[in-house]
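Working notes, beginning with the structure itself.
By convention in this document, chain letters (A, B, ...) are assigned in the order of the sequence lines, proteins followed by strands, and residues within each chain are numbered from 1.
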2 protein chains.
Amino acid sequence: MSIEREPAAPRLDVRDLRVVVALGRSGTTAAAAARLHLTQSAVSRALAVAEAHAGVPLFTRTARGLVPTSAGAVLLDAAPGMLADLSELERRVREPAPAPRRLRLVAECHMAYPWLARVVLRLRRTAPAVRLEMPAEHSLRAAEALAEGAIDAALLTSRPPPGFLSTEMMEDELMFLVASDHPLAAKGSLTPRDIASHELLVPTVRTEDARFLRFVFGSRRPRLRVERLAITEAIVELARAGLGIAVLSEWVAGPYLDAPEGGLTALRLRKGPLKRAWRLAHAPELDATAPLLADAIRAAQPRPRLSRG
Amino acid sequence: MSIEREPAAPRLDVRDLRVVVALGRSGTTAAAAARLHLTQSAVSRALAVAEAHAGVPLFTRTARGLVPTSAGAVLLDAAPGMLADLSELERRVREPAPAPRRLRLVAECHMAYPWLARVVLRLRRTAPAVRLEMPAEHSLRAAEALAEGAIDAALLTSRPPPGFLSTEMMEDELMFLVASDHPLAAKGSLTPRDIASHELLVPTVRTEDARFLRFVFGSRRPRLRVERLAITEAIVELARAGLGIAVLSEWVAGPYLDAPEGGLTALRLRKGPLKRAWRLAHAPELDATAPLLADAIRAAQPRPRLSRG
DNA sequence: CGACGTGATGCGTCCAACGCATCCTTGACA
DNA sequence: TGTCAAGGATGCGTTGGACGCATCACGTCG
């Protein structure tokens, strides 16, 4: 952030405007003081201050009261409008933000969508006026879409873009699936060497890579063989065919593990379960609606599949 | 003046707007403090005050800085414009009033016009850009015309309308003229009884009446016989014919007294000379030009005819 | 010429605004 | 997992601005 120069501070103040307006309407300091709930001396001093701020005399003193100068007339002409504008702005600031008509929500990872659809039903009860949309085409760059205003809220595993709020939502576990007859299946858990020496079958989203690598290997990051696939079924089927290790969220891995055809074994890292933390990021103008959305998401989220660990 | 209610005072202040804008652009209190030439603690407190004034939170505190709430976003959207408006207003107030293109001057009494015409020549030297006009049709109600904006300045013997400035200009003497063979001519001076028992030949302007009566008679005001005439020549000629006492300014009486045909005698009240005080009243927007006009008028004004008394 | 109403001002009080120093919380990184 | 850096909040003492009270100076008006 560069050291920009702030626009020159006005020397005139709201107090100056109010005093000038009251004096212009009253004609004497005593009458203006009554309007402003002050004393005559306070108004006299306040006028002196206002004139010092303006840099020119604003009223001509006569024995019968105060008569605006041409500078004072300019101020008297504009000041009531400015004060009204400020009051109107204050009213707008104070009034609660209107509930949005639509709310575009996107998750950073396709693997959330199977259960995310249920959020629509939940939110329909708590916020009937809001129509929840999920333009999934923004999933691969959810944070950028949020920053650009293309969507209103995003479920992220990465950090929200600068200037956006996010709330802690939940965790899911990334599971490692191999064919049940794969040599690794019998080991029970995976070592970093196992990860490095087999093909990894992962989704196309890359936001997780850094965390994944650090978690598994620490700072020494080997070259991996990675196959990125856009379709979850493809990842699963390649793994079932013994061609590598699928890395999938528990949210989508679960059904395949339970499926009657079987042939898949879930593994964890020996170091422990690999979890992802999810945040709900939202645009500032949604800060009233966001808690409702967060509640709906928490309620719709599936229970963790694996209780062990 | 009725006790009108002043428009509700905005609780937000220029300081609030400046702090919010700086925070919105900086994102942290420390950076905003640098912009505002304050310390971090001052900005933090100022934000708290601004939020108290606004009645709603304006920024959400995060570990990485401040993110505007929807209310804060409303304020951030409008505040820079308001500050710019205020600075612009301040600039307009500070800059000198432009010299008027034309200046409409009127005297409350037709008897000033013979020498008033010379003011045009004087002012042409000191203020060449100003075109001086004298729409004499407003003479009979000069003060009202000034108040209504039909003229810009007026030479008045009465008080200026409320809200208008006036500066002391000069005096002239009202002289009493009778035919030289009139019985009063031999008396040398006039008593109140003389005034009450003869026909008075006066101009149509009535603004002088109250002062005249008070000066001559005090609080006991008798019924007078008064003939009002619009034309100065008519007043003079009726007086010369012995039909009454003409009451005329020294400005117009002088030439008739000096005229070769003669036949007129000037009288004063026994109480002393009857003087009229003249003021130059002008609209507030002329307060820069008015001194020039006043100088021109003083320079053009004829020297008092009678040095005695 | 005196009474009144005007704005200006000296004085004392009080509180808002500020700076300094410090504390608490929260991510980031090793 | 522990440490550190960076963020905002806050207690404390100081200062200056805003105010009320009382009074002054001046012009107007009766």
**Message:** Under the rule for side chain to side chain donor-acceptor pair (under 3.5 Å), what residues qualify as partners of E144(B), not counting sequence neighbours?
**Reply:** none
**Request:** Identify whether the distance between the nearest side-chain nitrogen and carboxylate oxygen of R276(A) and E108(A) falls below 4.0 Å.
**Result:** no
**Item:** Non-neighbouring partners of D13(A) that pass salt bridge (charged side-chain N to carboxylate O under 4.0 Å, His left out), sequence neighbours left out
**Value:** none
Identify the pairs formed between an N or O of the protein and an N or O of nucleotides 28-30 of chain C at a distance under 3.5 Å, and give each distance.
{"from": "dA28(C)", "atom 1": "OP1", "to": "R159(A)", "atom 2": "NE", "distance (Å)": "2.3"}
{"from": "dA28(C)", "atom 1": "OP1", "to": "R159(A)", "atom 2": "NH2", "distance (Å)": "3.0"}
{"from": "dA28(C)", "atom 1": "OP1", "to": "R64(B)", "atom 2": "NH1", "distance (Å)": "3.4"}

**Asked** Residues in side chain to side chain contact (heavy atoms under 4.5 Å, CB included) with A283(A), at least two apart?
**Response** F164(A), E285(A)
**Prompt:** Residues two or more places apart in sequence or in another chain: which of them pass side chain to side chain donor-acceptor pair (under 3.5 Å) with R91(B)?
**Reply:** E88(B), E95(B)
**Item:** R61(A) CZ - dT28(D) P separation (whole Å)
**Value:** 17 Å
**Complete:** Between CG of L47(A) and P of dG17(D) the distance, given in whole Å, is 17 Å
**Message:** Expressed as a whole number of angstroms, how long is the span from L66(B):CG to dT26(C):P?
**Reply:** 15 Å
**Complete:** Whichever of S44(A) and T62(B) has the more 5' nearest nucleotide on DNA chain C, that residue is S44(A)
**Request:** Give the rounded distance in Å between these two atoms: CZ of R11(B) and P of dA16(C).
**Result:** 13 Å
**Prompt:** Mind checking what makes side chain to side chain donor-acceptor pair (under 3.5 Å) contact with R270(A), not counting sequence neighbours?
**Reply:** none
**Message:** Please report the distance, rounded to the nearest Å, between CD in E168(B) and P in dG27(D).
**Reply:** 11 Å
**Message:** Classify A30(A) by what it touches in the nucleic acid, base, sugar-phosphate, or nothing, heavy-atom distance under 4.0 Å.
**Reply:** sugar-phosphate
Measure all distances between protein nitrogen or oxygen atoms and nitrogen or oxygen atoms of nucleotides 18-23 of chain D, and list the pairs falling under 3.5 Å.
{"from": "dC19(D)", "atom 1": "OP2", "to": "R15(A)", "atom 2": "NE", "distance (Å)": "3.3"}
{"from": "dC19(D)", "atom 1": "OP2", "to": "R15(A)", "atom 2": "NH2", "distance (Å)": "2.7"}
{"from": "dG20(D)", "atom 1": "OP2", "to": "T39(A)", "atom 2": "N", "distance (Å)": "2.9"}
{"from": "dG20(D)", "atom 1": "OP2", "to": "T39(A)", "atom 2": "OG1", "distance (Å)": "2.8"}
{"from": "dG20(D)", "atom 1": "N7", "to": "S41(A)", "atom 2": "OG", "distance (Å)": "3.4"}
{"from": "dG20(D)", "atom 1": "O6", "to": "R45(A)", "atom 2": "NH2", "distance (Å)": "3.1"}
{"from": "dC21(D)", "atom 1": "N4", "to": "S41(A)", "atom 2": "OG", "distance (Å)": "3.0"}

**Which residues share a side chain to side chain donor-acceptor pair (under 3.5 Å) with S87(A), sequence neighbours left out** = none
**Message:** L165(A): which residues meet the side chain to side chain contact (heavy atoms under 4.5 Å, CB included) condition with it, sequence neighbours left out?
**Reply:** H282(A), T60(B), T62(B), V67(B)
